[in-house]
Q: 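Right, I'll just put the structure down here and ask away after.
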There are 4 protein chains.
Amino acid sequence: MTGKEKPDPPGRIKIMASFSRLMQEKDFHSITTAQIAKNADVTEGLIYKYFKDKKDLLYQVLNAHFQEFHEKIKIRMTQATSSIGKLDLIILASLEEYLENRLLSKILLLEVRNSQAFFNSGAYEMVTVYARTILKIIREGIASGEIAAHTDPYLLRKVIIGAIEHACLGEVIFGKPLDIKKTAAGISDIIFNGVKP
Amino acid sequence: MTGKEKPDPPGRIKIMASFSRLMQEKDFHSITTAQIAKNADVTEGLIYKYFKDKKDLLYQVLNAHFQEFHEKIKIRMTQATSSIGKLDLIILASLEEYLENRLLSKILLLEVRNSQAFFNSGAYEMVTVYARTILKIIREGIASGEIAAHTDPYLLRKVIIGAIEHACLGEVIFGKPLDIKKTAAGISDIIFNGVKP
Amino acid sequence: MTGKEKPDPPGRIKIMASFSRLMQEKDFHSITTAQIAKNADVTEGLIYKYFKDKKDLLYQVLNAHFQEFHEKIKIRMTQATSSIGKLDLIILASLEEYLENRLLSKILLLEVRNSQAFFNSGAYEMVTVYARTILKIIREGIASGEIAAHTDPYLLRKVIIGAIEHACLGEVIFGKPLDIKKTAAGISDIIFNGVKP
Amino acid sequence: MTGKEKPDPPGRIKIMASFSRLMQEKDFHSITTAQIAKNADVTEGLIYKYFKDKKDLLYQVLNAHFQEFHEKIKIRMTQATSSIGKLDLIILASLEEYLENRLLSKILLLEVRNSQAFFNSGAYEMVTVYARTILKIIREGIASGEIAAHTDPYLLRKVIIGAIEHACLGEVIFGKPLDIKKTAAGISDIIFNGVKP
DNA sequence: CATGAATGAGGCTTCATTCAT
DNA sequence: GATGAATGAAGCCTCATTCAT
């Protein structure tokens, strides 16, 4: 009983939806406030009633999408018991989400890196939550002996996230289809078993 | 015998140098032609004598830097005999180059991904040459038995490049220092030996 | 018998108070209806229930403050008998009021002059009442022989008001402190006795 | 022979002229960059090639006009020998200039006071030069015994400038004609001889 | 080989104001 | 008596780009 949280005004919703739609097609810089407004069937001015900035709009939308993403990841992870199992699941789920939720992945893979500001924004926090989750699992794996003791957890995380993101790049940029299951399994195999015969 | 290659006119050189300098500090979108010109001690108009447009300037500069980069990589690779040894060297050399040549890495990691146009540009060719080099080595490794036969070469390449790029991200964006040798060795270890104990 | 004057509704009062407060800090143009409303803990819409527009709000507030101002001046003037005594008092009282009532002086010295509209507004009437009071006293002084017969009353008024206002400018704009008594006495001395030895 | 100072580009000149013209009719805030450009038969963008800001444009124009003003004042002052004679001339010349050069007086009397920024701008320097000139003459007058020893020079300056400015206000705002010679003489008489009979 | 004056399109943002509830 | 969602007009400014000289 948190009390009735008054729903967002229609204008706000329409603006966020419009922006989400546009982000699917173009990059942030190429989207103009005029387009956002027109697409939302709203006046440009209204954007600034609900968002400080065009950038603020990006962050808010990103936030909403990421929230969902992280929620799903967490739920799935309960299905695994071993640490490596969990990481497997994260790799799979991340790939799935990245590809399913093109908007999110575009923002994460392409836009966001450009702007110092982003990393100082609250939006970046979310990303780190995701990253911390991975780190935690790695440490558990090391503690439990599943992962070799001498492994640098930060570096392993870098390899995992790097592999995931790079694997999606082609899809995101060129729309090349990707066999998610196979890719996830392949990444896991390489990272956990190594490529030596 | 290409004949005497007439040297670039001073204006052209100054413009490229100026742009390179600016790219070290800011992102492409934030650099204005006015700044480029001022920084080069040249008039804005001159830029358009030598470059079709601002993007063309980016590609040309990128090209110049990448050429160097790839040259170095190739030279180093001669120092290794085994395929895995070569990949080790590539990982190390790439990290080194990325971090040493901030301009190049910034373009590669941040700018370039944003622009569809880039991938259709000649500039992207260069990147693929690098990627193909890696792929070739992987295939040699599989053929020679150094790398497990069931390995998907494309995926392995993705993991390698993903790991390298992600490892550099923090440095590039935040300026966090990175122990190159240790990082390179760690990545190699994870990918080639796996993280299982 | 104007009957019971129904008290102003709370919203109206809050809005005027809010606007007064804001005028203390910023100039009219820099104050937005949004700020006024927020500061008054009221919605923007309500402003337009009680005031025709933003300018109307200014005039109404100015009016209220000026009324007070003029009231005080009139009361004080009863304490003097000679015309020059009265003018002395006006100079002193005006300085006092200007400095005490920063809002009023800011409006009078800075805002109001900018707007043709103001001078066509009812608000300007008030100012002229003040000016007429001064003129009347000057004429009385000339009639009674206290002031040299050849003095142009309009011009003398200009000198008096000009001196007062300019003397306050520094304080109003920069917040430079001002010794009121000394300043008033000095102005009186200069104007009434001249500066020749 | 300071060398040929290259003349201002036509665009710059047209913009300043256009702005000067517009300032004659409206106040700063009501003048839009669009109007300035149209009136100058130039594109809006060009304004920002030559001026940092709309405000910068104001200052530059003010500067040009004030320079002239001060030049004239200085020349005239050489015609008087006594300090009071010089002040007489300043009063007369200032009135003349204010009324002749409506643009300057408008800026000085109306616009400029509104903006804190102005007083921190280089433009304000000029005004203080004028003010300092007056102060210097007053002090000379006191030293030479022309002006009563007990006179506060700052205050006297305030009275003089205040009288001049206030005397012009009506003309500037309403276009009421003003007999300059008579007004100047009247002000001088009041201030130097006092109004007592 | 290079200049420098000028353009034009459009971007983001602000704000007073209205109106249904 | 008051709210709050929404408007629309316009403002300032930026920038890549062109072209005559």
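Just so you know, these numbers use all the heavy atoms, side chains as well, and skip hydrogens, waters and symmetry mates. Here is the naming used below: chain letters follow the sequence lines, and residue numbers restart at 1 for every chain.
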Q: Please state how far atom CD1 in B/I36 lies from atom P in F/dC15, giving the value in whole angstrom units.
A: 11 Å
Q: Checking all strands, does D/T32 fall into the base, sugar-phosphate, or nothing category for heavy-atom contacts under 4.0 angstrom?
A: sugar-phosphate
Q: Base, sugar-phosphate, or nothing for A/F51, non-hydrogen atoms under 4.0 angstrom?
A: nothing
Q: Nucleotide range of DNA chain E contacted by chain A, 5' to 3', under 4.0 Å to a heavy atom?
A: E/dG11 to E/dA16
Q: Are D/K54 and F/dC12 close enough that a side-chain N or O sits under 4.0 Å from OP1 or OP2?
A: yes
Q: Just the rounded figure in Å: distance from P of F/dT3 to CG of C/L46.
A: 6 Å
Q: Please give, in whole Å, the distance from F/dC12 P to D/K52 NZ?
A: 14 Å
Q: Measure from CG on C/D41 to P on F/dT3 and round the result to the nearest Å.
A: 8 Å
Q: Pick the closest DNA chain F nucleotide for A/E44 and for C/K14 by heavy atoms, then say which residue is nearer the 5' end.
A: C/K14
Q: Hey, which sits more toward the 5' end of DNA chain F by its nearest nucleotide, A/G45 or B/A34?
A: A/G45
Q: If you find the nucleotide of DNA chain E closest to B/G11 and the one closest to C/T33, which residue's nucleotide is nearer the 5' end?
A: B/G11
Q: Return the 5'-most residue of the pair B/V42, A/I31 with respect to DNA chain E, ranking by each residue's nearest nucleotide.
A: B/V42
